[in-house]
Amino acid sequence: MSFIGRFRLIVPAATAKPSPKIGQALGPLGINMMSFCKEFNARTAGVRPEVPIQVVLMPKTDRTYKFIVRSPQVSWFLLRVARLPRGSA
């Protein structure tokens, strides 16, 4: 049971659902998307919905995993404080 690697994702808080974006990251690793989404949504229940949360996913060889929930990127905070719309200008 060793770790395969570290994978970084950005997932919307408290509203994660099995989507192609998440599926492309979890599918090749053999991780069940529904169980990941349920556990992620439970951990981020106290965060405002749709906040882009950084996730560091560490899968193991026996198809189990650990993940770390990190804060949103600084650029998201700056755009929010400046009240600018999403996207590049």
Side-chain angles (χ1 to χ4, degrees):
M1 271 196 318
S2 63
F3 287 104
I4 296 173
R6 298 179 113 192
F7 300 91
R8 293 173 46 185
L9 303 167
I10 296 180
V11 183
T15 59
K17 52 189 169 272
S19 65
K21 184 178 177 183
I22 295 174
Q24 288 176 354
L26 301 181
L29 302 172
I31 295 174
N32 185 348
M33 287 190 291
M34 277 307 296
S35 67
F36 171 78
C37 290
K38 285 181 182 179
E39 189 176 346
F40 177 79
N41 289 338
R43 279 203 201 173
T44 58
V47 180
R48 180 180 296 195
E50 298 297 325
V51 173
I53 300 291
Q54 296 181 51
V55 179
V56 178
L57 181 69
M58 295 170 285
K60 296 180 183 178
T61 54
D62 63 348
R63 295 188 178 199
T64 59
Y65 60 90
K66 291 174 81 174
F67 68 92
I68 300 170
V69 178
R70 300 179 65 196
S71 62
Q73 295 178 334
V74 173
S75 61
W76 181 82
F77 284 116
L78 293 174
L79 289 173
R80 184 155 168 83
V81 169
R83 296 185 183 195
L84 295 174
R86 284 200 217 173
S88 60

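Nothing here was measured: the structure is a model prediction, and the numbers come from that model. Heavy atoms only: backbone and side chains are in, while hydrogens, waters and symmetry mates are out.
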Taking every heavy atom of Gly5 against every heavy atom of Pro59, the minimum-distance pair comes out as O-CD, 3.5 Å

Rounded to the nearest 0.5 Å, what's the gap from NZ on Lys38 to CG on Asn32? Could you check? 8.5 Å

Reported CD1-to-CD1 distance for the pair Ile53 and Ile68, which is rounded to 0.5 angstrom: 14.0 Å

What one should report as the nearest heavy-atom pair of Phe40 and Pro12 is CE2-O, 3.4 Å

Do the non-hydrogen side-chain atoms of Leu29 and Tyr65 ever get within less than 4.5 Å of each other? no

To check you understand the geometry: which heavy-atom pair defines the closest contact between Pro18 and Met34, and what is its length? CG-SD, 3.2 Å

Same apolar cluster: Val47 and Phe77, side chain cutoff 4.5 Å: yes

Would you compute the distance between atom CZ of Phe67 and atom CE of Met58 and round it to the nearest 0.5 angstrom? 10.0 Å

Distance col, row Ile22:CD1 vs Leu57:CG, nearest 0.5 angstrom, shows 10.5 Å

What heavy-atom pair brings Ala14 and Asn41 nearest, and what distance separates the two atoms? C-OD1, 3.3 Å

Whether the side chain of Gln54 engages the backbone of Ser71 through a donor-acceptor N/O pair (distance < 3.5 Å, no angle test) should be reported. yes

If you round to the nearest 0.5 Å, how far is CZ of Arg63 from CD1 of Ile4? 9.0 Å

Examine Val51 and Val69 and state if one hydrophobic cluster contains both, with Ile, Leu, Val, Met, Phe, Trp and Tyr joined whenever side-chain heavy atoms are less than 4.5 Å apart. yes

To the nearest 0.5 Å, how far apart are NZ in Lys60 and CD1 in Ile31? 11.0 Å

Closest heavy-atom pair, Ala16 versus Cys37, reported as atoms and distance to 0.1 Å, is O-CB, 3.9 Å

